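Every value quoted in this text rests on a predicted model; they were computed, and no experiment measured them.
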Amino acid sequence: MMFTNDKPIFQQMADRLEDEILAMVYQDDDRIPSVREYAVSLEVNTNTAVKAYEQLARANIIYNKRGMGYYVTPGAREQILQQRRQAFLQEQLPELFRQMRLLDIGIGDVEQAWSNQQQ
């Protein structure tokens, strides 16, 4: 995984796990990789992975079965979708609209680009 400088690494790891839940790589009550396994696979310090897992556990996206590992909380996918949609509408969409106005891009242009992406 290539990390960027815009967010802490543990946050990017948590986002990636959420992406995997959204993509249904992991579903309700599925076991996710252990902290160590995930740290090794992404070539990061185990403490960084611990922070990512703790953040997801606090957000009720994953839960820990003592001695068994971490699992996806039932309903986590819907929770992530709701949070990300809200963030998109409040944070990213206004900037997109601003750029569209500056560049004189109409909704028809966006619809055309969207349909080209779907093919």
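- Residues N64 and Y71 fail the side-chain proximity criterion, which asks for heavy atoms closer than 4.5 Å.
- Of the charged side-chain nitrogens involved, at least one lies within less than 4.0 Å of a carboxylate oxygen, so that K7 and D15 count as a salt-bridged pair.
- At least one side-chain heavy atom of F3 sits less than 4.5 Å from a side-chain heavy atom of V44.
- S115 pairs in a side chain to side chain contact (heavy atoms under 4.5 Å, CB included) with only one of the listed residues (E111, Q118, Q112), which is Q112.
- Taking hydrophobic clusters as Ile, Leu, Val, Met, Phe, Trp and Tyr residues chained together by side-chain heavy-atom distances below 4.5 Å, L89 shares a cluster with V110.
- Interatomic distance, I61 CD1 to I21 CD1, rounded to the nearest 0.5 Å: 6.5 Å.
- Between Q12 and R16, every side-chain heavy-atom pair lies at or beyond the 4.5 Å cut-off.
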Anything under 3.5 Å between a donor and an acceptor, one on a side chain of residues 98-109, the other on a protein residue two or more places apart or in another chain? List them.
unit_1 : atom_1 : unit_2 : atom_2 : d
R98    : NE     : E95    : OE1    : 2.9
R98    : NH2    : E95    : OE2    : 3.0
Q99    : NE2    : E95    : OE2    : 3.0
D109   : OD2    : G106   : N      : 2.9

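- Linking Ile, Leu, Val, Met, Phe, Trp and Tyr residues whenever their side-chain heavy atoms come within less than 4.5 Å leaves F10 and Y38 in two separate clusters.
- Both L42 and I9 belong to a single network of hydrophobic side chains, linked directly or stepwise wherever heavy atoms of I, L, V, M, F, W or Y lie under 4.5 Å apart.
- Linking ILVMFWY residues whenever their side-chain heavy atoms come closer than 4.5 Å, directly or via other members, places V25 and I62 in the same cluster.
- Between the T73 side chain and the A76 main chain, no donor and acceptor come within less than 3.5 Å of each other.
- Here CD of Q82 is found 11.5 Å from CD1 of I80. Values are rounded to the nearest 0.5 Å.
- Under the 3.5 Å distance criterion, with hydrogens and angles disregarded, no donor-acceptor pair is assigned to the side chains of Y70 and D30.
- For the atom pair CG of L17 and CE of M13, the computed distance is 7.0 Å after rounding to the nearest 0.5 Å.
- Under a 3.5 Å cut-off, the side chain of Q83 and the backbone N or O of E78 do not form any donor-acceptor pair.
- In this structure, V72 and I32 have side chains that are in contact, with non-hydrogen atoms separated by less than 4.5 Å.
- Around atom CD of E43, no more than 12 heavy atoms belonging to other residues, nucleotides or ligands sit under 6.0 Å away.
- Counting non-hydrogen atoms of neighbouring residues, nucleotides and ligands closer than 6.0 angstrom, the CZ atom of R31 exceeds 12 such neighbours.
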For a quick test of your reading: what N or O donor-acceptor pairs under 3.5 Å do the side chains of residues 50-58 make, sequence neighbours left out?
unit_1 : atom_1 : unit_2 : atom_2 : d
Y53    : OH     : P33    : O      : 2.5
Q55    : NE2    : Q11    : OE1    : 2.8

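- With hydrophobic clusters built from ILVMFWY side chains whose heavy atoms lie under 4.5 angstrom apart, V35 does not share a cluster with Y63.
- For D19, the salt bridge (charged side-chain N to carboxylate O under 4.0 Å, His left out) partners two or more places apart in sequence, or in a different chain, are R84.
- If you take OH on Y26 and CZ on R77, they are separated by 15.5 Å, rounding to the nearest 0.5 Å.
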